[in-house]
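To keep things clear, I will list the structure first and then write my remarks on it.
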Amino acid sequence: QVQLVESGGGLVKAGGSLNLSCTASRKTISIDIMGWYRQAPGNQRELVATITSGGRSNYANSVKGRFTISRDNAKNTVFLQMDGLKPEDTAVYYCYYRDASEVNWGQGTQVTVSS
């Protein structure tokens with residue numbers, strides 16, 4: 001299976017920014033989707049944003065206009081630039097990978113936004 005390693009979480013004040021990154025182990029399938037989900041205590045894990053190997057992106061309505069997902073295919077890395085952070089964005093953010101044969105998750109990185 002693909003291994004995912006995340007970084008970039010932290011503590012930030014409302015209105016601030018963070019950039020998350022996730023690097024996947026080398027894969028042979030060229031068509032895939034990577035992205036980010038998040039989970040706050042007591043809540044279900046929810047989609048934040050995804051991006052295909054071809055660069056097509058999808059965002060949750062709650063983050064549209066504030067977050068930007070991108071990827072570097074050569075480095076097997078996906079990024080999430082988070083601007084205008086709100087306390088409601090506080091959660092553990094999980095990197096996500098899906099191709100024709102598997103779905104995998106990173107270990108999670110904590111994002112905390114203070115009011």
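These numbers come from the heavy atoms of this one structure, side chains and all, not from hydrogens, waters or symmetry mates.
Note that the OG1 atom of Thr112 and the CG atom of Leu11 stand 6.0 Å from one another [nearest 0.5 Å]. Put simply, CZ on Arg45 and CG on Asn43 are 12.5 Å apart, with the number rounded to the nearest 0.5 Å. Rounding to the nearest 0.5 Å gives a distance of 14.0 Å between OG of Ser115 and NZ of Lys86.
Listed by chain and residue number, Glu6 satisfy the side-chain hydrogen bond (donor to acceptor under 3.5 Å, both in side chains) test with Gln107 (two or more places apart in sequence, or in another chain). Partners of Glu102 under the side-chain hydrogen bond (donor to acceptor under 3.5 Å, both in side chains) rule, at least two apart in sequence or in another chain, do not exist in this structure. Checked against salt bridge (Lys or Arg N to Asp or Glu O under 4.0 Å), Arg98 has no partners two or more places apart in sequence or in another chain. Listed by chain and residue number, Arg38 satisfy the salt bridge (Lys or Arg N to Asp or Glu O under 4.0 Å) test with Glu46 (two or more places apart in sequence, or in another chain).
Summarising the geometry of Cys95 relative to Val78, their closest heavy-atom pair is SG-CG1, 3.9 Å, with the distance given to 0.1 Å. Closest heavy-atom contact between Leu4 and Met34: CD2-CE, 4.3 Å. Scanning both residues, Val48 and Val63, for their nearest heavy atoms gives O-CG2, 3.6 Å. Across Ser17 and Asp83, no two heavy atoms sit closer than the pair OG-OD1, 2.7 Å. Residues Ala14 and Pro87 share a closest heavy-atom pair of CB-CD, 4.1 Å. Smallest separation of non-hydrogen atoms from Gly35 and Ile69: CA-CD1, 3.8 Å.
Without hydrogens or angle criteria, Thr90 side chain to Val113 main chain gives a donor-acceptor distance under 3.5 Å. Looking at Asn104, its side chain never comes within 3.5 Å of a backbone N or O of Gln3 through a donor-acceptor pair.
Tyr96 shares a hydrophobic cluster with Ile33, Tyr37, Leu47, Val92, Tyr94, Val103, Trp105; the chain of contacts runs through ILVMFWY side chains whose heavy atoms sit under 4.5 Å apart.
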Checklist line | side-chain contact (heavy atoms from CB on, under 4.5 Å) between Asp89 and Met82, intermediate numbers included | finding: CA-CA 10 Å; Asp89 296 317; Met82 303 184 292; over 6 Å; no
Next item on the list: Report the C-alpha distance between Trp36 and Cys22 in whole Å, list the side-chain angles of each, state the deciding distance to 0.1 Å, and finish with yes or no for side-chain contact (heavy atoms from CB on, under 4.5 Å).
Entry: CA-CA 9 Å; Trp36 299 89; Cys22 171; 3.7 Å; yes
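Residues Asn76 and Val2 fail the side-chain proximity criterion, which asks for heavy atoms closer than 4.5 Å. Asp32 is listed as a side-chain neighbour of Arg71, based on a closest heavy-atom distance under 4.5 Å.
Applying the ring pair (Phe, Tyr, Trp, His ring centres under 6.0 Å) test to pairs two or more places apart or on separate chains, none has a residue in residues 45-86.
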